[in-house]
Amino acid sequence: MTTIIETEKLTKSYGLHRGIIEIDLRVERGEVYGFLGPNGAGKTTTIRTLLDHLRPTSGRARIFGLDTSADPVAIHRRIGYLPGEFTLYDRLTGGQTIEYFANLRGGVDPGYQAALIERFDIDPSRRFKEYSKGNKQKIGLVIALQHQPELLILDEPTSGLDPLVQQTFYALVREAQVEARTVLLSSHILSEVERTCDRVSIIKDGRLVRTDRVDALRDLAHHQIELRFAGSVPAAEFAGLPGVSDVVVTDHTIRLRIAGSLTRLVRAAAGHELLDFVSREPSLEETFLAAYGREEDEASPS
């Protein structure tokens with residue numbers, strides 16, 4: 001497997017203000033990689049440092065095996081980038097803006113460019129200043145995608161997009177992955193990362209707190225379980241199981257939360273006349289909040 005993005009203890013300091021601290025990322029070819037965190041966590045600083053818009057205070061980053069500070073122009077030729085705040089020339093039309101960036105790339109496939117404009121339902125005749133936030137975002141996405149780059153770096157790509165346009169974006173991400181292209185997608189929208197990404201890194205206060213596959217991260221969260229029995233509910237038996245909490249008994253039904261493996265719970269339930277067993281798979285949002293909550297708990301005095 002070919003590594004496309006690799007950082008080693010990448011750090012950017014702003015004097016007394018926090019930037020990012022010892023970020024270690026490794027993104028492989030053909031991967032859709034999520035970079036998840038709330039606003040201000042360090043996502044944009046990481047991306048700008050990768051693109052050599054900012055120079056790292058320490059550590060290093062490589063894209064396509066090239067040091068990002070040594071030859072950023074060679075790297076940028078192979079990248080499509082959408083910044084978090086996308087603003088351009090107000091007096092140009094959307095079509096002129098798209099064409100301007102296509103020319104900077106030495107030209108693009110006009111058929112693919114036209115298909116993107118159609119799929120995003122863009123009116124290219126309007127001036128950029130007349131577009132809504134969502135339509136400006138669509139122009140930015142066309143600019144990032146139109147030259148079919150090897151690597152897409154997208155900072156909050158669905159900001160301002162309506163749900164139907166978001167579906168178009170998700171489809172384009174899947175198409176890029178089928179073509180063995182790579183996507184680094186920064187977001188604070190948990191469902192977006194869960195839907196599109198293979199792996200995800202969670203960043204908090206400038207530091208990575210977790211990196212794993214999306215399904216593995218989801219499994220770290222608590223499952224919500226509901227058990228319905230034919231007779232009386234043996235609540236104490238279940239409450240004493242490892243990882244079980246928030247046990248609530250109603251008639252012949254017991255509801256609980258459990259962290260980690262379900263094996264012991266299933267074995268305990270099988271020892272009684274069980275009528276129904278419902279397990280709700282945790283969302284990435286629950287995992288994300290649990291990870292942040294654990295960090296806060298560990299930092300708080302007992």
Side-chain angles (χ1 to χ4, degrees), residues 4 27 30-36 39 43-44 47-48 50-51 76-198 200:
I4 300 299
V27 182
E31 189 171 30
V32 180
Y33 196 100
F35 200 38
L36 180 63
N39 294 328
K43 303 187 303 295
T44 297
I47 287 173
R48 289 177 177 170
L50 283 173
L51 293 169
H76 287 193
R77 289 193 184 103
R78 302 163 67 182
I79 289 178
Y81 170 52
L82 178 70
E85 295 294 330
F86 184 73
T87 56
L88 282 173
Y89 312 109
D90 283 349
R91 294 188 178 183
L92 293 182
T93 66
Q96 289 170 334
T97 301
I98 291 168
E99 197 60 35
Y100 171 75
F101 280 92
N103 290 335
L104 286 179
R105 293 285 181 181
V108 301
D109 178 353
Y112 186 67
Q113 181 192 75
L116 288 173
I117 292 171
E118 181 179 358
R119 290 176 73 175
F120 280 119
D121 192 22
I122 294 171
D123 178 359
S125 66
R126 297 181 63 183
R127 293 188 185 276
F128 194 78
K129 66 180 179 181
E130 298 172 355
Y131 286 124
S132 65
K133 162 67 174 172
N135 281 318
K136 288 179 179 178
Q137 194 76 353
K138 289 191 281 186
I139 296 291
L141 284 167
V142 172
I143 290 169
L145 291 161
Q146 65 178 345
H147 57 293
Q148 297 174 279
E150 295 174 57
L151 171 63
L152 284 162
I153 297 181
L154 308 174
D155 194 357
E156 306 283 356
T158 60
S159 176
L161 299 182
D162 65 52
L164 288 177
V165 179
Q166 288 178 23
Q167 301 307 311
T168 299
F169 168 73
Y170 298 147
L172 286 163
V173 168
R174 289 192 293 271
E175 289 167 19
Q177 188 174 30
V178 167
E179 295 166 359
R181 294 189 281 138
T182 308
V183 182
L184 175 65
L185 187 154
S186 158
S187 183
H188 67 274
I189 303 173
L190 303 150
S191 59
E192 177 175 281
V193 173
E194 189 168 24
R195 178 166 188 162
T196 58
C197 297
D198 303 304
V200 60

Which residue pairs pass the side chain to side chain donor-acceptor pair (under 3.5 Å) test when at least one of the two sits in residues 80-92, sequence neighbours left out?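 Not a single pair qualifies under side chain to side chain donor-acceptor pair (under 3.5 Å).
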With a 4.5 Å cut-off on side-chain heavy atoms, are [Y] and [X] touching?
X    : Y    : answer
F120 : L172 : yes
Y100 : L88  : no
Q96  : F128 : no
E99  : P124 : no

Separation of [Y] [atom2] from [X] [atom1] (nearest 0.5 Å):
X    : Y    : atom1 : atom2 : value
H188 : F35  : NE2   : CZ    : 15.0 Å
L185 : T158 : CG    : OG1   : 7.5 Å
T97  : L92  : OG1   : CG    : 4.5 Å
E175 : R119 : CD    : CZ    : 4.0 Å
E192 : C197 : CD    : SG    : 7.5 Å
S186 : L82  : OG    : CG    : 10.0 Å

Minimum-distance pair of heavy atoms, taken over all atoms of G34 and V193: CA-CG1, 4.3 Å
Which pairs of donor and acceptor atoms, one on a side chain in residues 140-148, lie under 3.5 Å apart (sequence neighbours left out)?
{"residue": "Q146", "atom": "OE1", "partner": "Q113", "partner atom": "NE2", "Å": "2.9"}
{"residue": "Q146", "atom": "NE2", "partner": "I98", "partner atom": "O", "Å": "3.1"}
{"residue": "H147", "atom": "NE2", "partner": "I79", "partner atom": "O", "Å": "3.0"}

Show, in sequence, the C-alpha distance, side-chain angles and deciding distance for S125 and T93, and conclude whether the side chain to side chain contact (heavy atoms under 4.5 Å, CB included) test is met. CA-CA 6 Å; S125 66; T93 66; 5.7 Å; no
Given the rule in the side chain to side chain contact (heavy atoms under 4.5 Å, CB included) test, do I139 and F86 qualify, once you have shown the distances and angles that lead to the verdict? CA-CA 9 Å; I139 296 291; F86 184 73; 4.3 Å; yes
Taking the side chain from [X] and the backbone from [Y], do they hold a donor-acceptor pair closer than 3.5 Å?
X    : Y    : answer
S132 : N135 : yes
K133 : G160 : no
R181 : P149 : yes

Which residues pass the side chain to side chain contact (heavy atoms under 4.5 Å, CB included) test with E150, not counting sequence neighbours? R29, F64, R78
Tested for side-chain hydrogen bond (donor to acceptor under 3.5 Å, both in side chains) against Q177, the lone hit among T196, T182, D198 is D198
Kindly indicate, with the supporting measurements, whether the criterion side chain to side chain contact (heavy atoms under 4.5 Å, CB included) is fulfilled by Q137 and V165. CA-CA 10 Å; Q137 194 76 353; V165 179; over 6 Å; no
Tell me, yes or no, whether the heavy-atom count around [X] atom [atom1], taken from other residues, nucleotides or ligands under 6.0 Å, exceeds 12.
X    : atom1 : value
D162 : CG    : yes
R48  : CZ    : no
R127 : CZ    : no

Determine, stepwise, if the pair L164 / D121 fulfils side chain to side chain contact (heavy atoms under 4.5 Å, CB included). CA-CA 10 Å; L164 288 177; D121 192 22; over 6 Å; no
